[in-house]
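First listed ligand is number 1; within each ligand, the first listed atom is number 1.
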Amino acid sequence: MAILKPIEEPRNLHGRRRLEVYNPATLERTGEIEVSTAADVQAAVERARKAVEGWRALSFEERGKYMLRVRAALLDRAEELADTIVRDTGKARMEAMSNEILPGCDSLTYYAKKARRILRDEKKPLHMMKNKKLVVSYRPMGVIGIITPWNFPFILSLNPAVQAMMAGNTVVAKPSEVTPFVGIAVGQLFEAAGLPEGVYQVVTGDGTTGAALVEAGCDKISFTGSVRTGRKVAEACGRQLIPCTLELGGKDPMIVCEDADIERAANGAVFGAFANSGQICTSTERVYVHEKVADKFVTRVVELTKGLRQGLNSEGEVDVGAICFGPQLDVIERHMKDALDKGAKVLTGGRRNPKYKGNFYEPTVLTNVNHDMEIMREETFGPILPIMVVRDEEDALRLANDSTYGLNSNVWTRDKRKGKALANRIQSGCSTVNDCVINYGVAENPFGGVKDSGIGRVNGEMGLKSYCHVQGVLIDRFGTKSELFWYPYTAGKLRLVRRALNLLYRSPIGKLLGN
Ligand code: NAD
């Protein structure tokens, strides 16, 4: 069967490039967008630059009021927005509501209310120079370029923008060309809240528009997407010496210990692997289960998987939606073929769903897998759950860490202390014990990856502060006419420094001072 792509070759209408957009669940054409040129992007960044001064001058309360107005608009339009999300992505309506709109309301509320406390000046006691006072301030950076993917087009566009704006920055957003109407709808929400002109703008288009935004003179780029594009963004930012946050792909491992609650672990594995049709950066993409509980676990996972309802959206009665981006099906099928050629066994699923003409792949459970297979090494981003049986926890840890990725991970055991200790030994930016997938949605959690999964953190205190320049201001307390180390240098001062060195680091007094 031919691969049906949601976006056809770019079309050139009236001298401007346009892209067609398709509903991945039905393959119906839903419209087209204009590709913003480098000049358009430049103009947007200039408008954003002009808006910075007025926006940063507002108090946190005033900026927070705008965010709460966005929340009111979001609640008024929740159903209409869910329609747009479902049409652009093909995901289950429940997921549009619970994983996009609900966390959107939470993000707007949390940062509207907490930003002032998180970003207030911090007085830092000094361990040595008691004649000085240090105050650390968090200053807005200016214009933030936000580039986002198609898998959670609403929350991944809204959430970083709310953080950037609450910190006093203005934003130019470039949503994915695969799900542009959701990105446009986010812009309309800000418009409905009466935001001053230029504070939040959307530029539509493909990678050329994204690349133009990275080069347009922003003060920081917040990028969420693939490792491949992330590298390009990092290179371009490095060349310009501007910071970037990179939230990239994952190949999240799940470790099921001998003492796990198997019913909860099996439910967690099925949700972790098949929610959003496996298209979550923190999807469970590989399982390592202790040999003593493997049979019971696998049997229950297969039973639960067979019970999932896949299909077009209805009122909350569909569990697994479509594959949003048509070419992703190629990746899924390539990984599956490689796994089957190397001896993997399909326990359920293993093919496109023949009932639908849209992009549906059946929820699939695999065993007899190993690390020679792409399915255990590369991000599949589809509804595939490969399970590997291991001798013990050390074996599981070794395999979990045998990956270029390090976004999220999860450990399942009745011993929570052991779970935490195992989680700490997995090379991943986040982890969960007896839970999965939820990390991004926890506002306080500094979410992000290690290894190829990214650089920097989004959310909570660290995320919010990452949209600020940290400025340490050191204030002299006593106003003496000169300082010991200032001019003129004399032999006497040099002797004093030598004595101070001995006193501080080689004497009982130094020890008393904690040196
Ligand atoms: P992608 O990298 O193909 O595209 C992401 C965005 O970058 C799109 O808006 C695209 O138009 C733009 N882009 C493309 N080329 C560009 C360039 N040269 N310069 C600047 N921008 C450019 O990713 P995708 O396929 O849309 O998304 C799926 C990926 O996103 C998966 O790997 C997934 O794991 C990852 N993801 C990560 C997180 C996270 O928080 N870590 C969250 C969701 C998705």
Side-chain angles (χ1 to χ4, degrees), residues 6-7 10 19 21 24 33 35-36 38 41 88-89 99-100 103 145-157 159-160 172-180 182-183 202-216 218 221-237 239-240 244-252 275-285 323-331 378-382 404-408 428-430 437 439-442 445-459 463:
I7 292 192
L19 300 170
V21 185
I33 55 157
V35 176
S36 303
V41 173
D88 261 12
T89 63
N99 300 339
E100 302 254 32
I146 298 183
I147 302 172
T148 50
W150 42 260
N151 62 332
F152 287 95
F154 182 73
I155 188 64
L156 294 178
S157 295
N159 184 43
V172 178
K174 208 300 279 176
S176 170
E177 62 275 32
V178 183
T179 52
V182 179
V202 180
V203 289
T204 54
D206 53 15
T208 59
T209 310
L213 181 56
V214 176
E215 301 283 352
C218 294
I221 298 294
S222 163
F223 175 81
T224 312
S226 65
V227 175
R228 200 166 58 88
T229 314
R231 275 189 214 286
K232 289 187 201 165
V233 170
E235 279 168 17
C237 289
R239 182 166 30 76
Q240 300 170 80
C244 59
T245 300
L246 303 175
E247 297 288 342
L248 309 178
K251 187 76 193 170
D252 291 359
N276 214 43
S277 231
Q279 304 161 104
I280 310 181
C281 53
T282 56
S283 286
T284 298
E285 291 231 352
I323 298 298
C324 175
F325 185 43
Q328 197 64 37
L329 280 167
D330 293 342
V331 177
E378 294 301 322
E379 187 182 48
T380 307
F381 228 50
T404 55
Y405 293 98
L407 191 57
N408 199 38
S428 62
C430 298
V437 178
N439 265 333
Y440 186 90
V442 178
N445 191 15
F447 181 88
V450 298
K451 302 201 267 189
D452 283 359
S453 289
I455 296 175
R457 294 291 179 268
V458 67
N459 291 342

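- For Phe154, there are no ring-ring contact (aromatic ring centres under 6.0 Å, His included) partners two or more places apart in sequence or in a different chain.
- Side-chain contact check for Asn276 and Asn151: no donor-acceptor pair (N or O, by modelled atom type) lies under 3.5 Å.
- When each of Asn408, Asp452, Thr380 is paired with Lys251, the side chain to side chain donor-acceptor pair (under 3.5 Å) condition holds for Thr380 and for no other.
- Using a 3.5 Å distance cut-off with no hydrogens or angles, the side chains of Thr89 and Thr179 do not pair a donor with an acceptor.
- Minimum heavy-atom separation, Cys324 to Pro24: O-CB, 3.3 Å.
- When heavy-atom distances to ligand 1 are checked against 4.0 Å, the residues falling inside are Ile147, Thr148, Pro149, Trp150, Asn151, Leu156, Lys174, Pro175, Ser176, Glu177, Asp206, Gly207, Gly210, Ala211, Phe223, Thr224, Gly225, Ser226, Thr229, Lys232, Val233, Glu247, Leu248, Gly249, Cys281, Glu379, Phe381, Leu407, Phe447, ordered by chain and number.
- No option in Thr282, Asn159, Asn445, Asn459 other than Asn159 meets the side chain to side chain donor-acceptor pair (under 3.5 Å) test with Tyr440.
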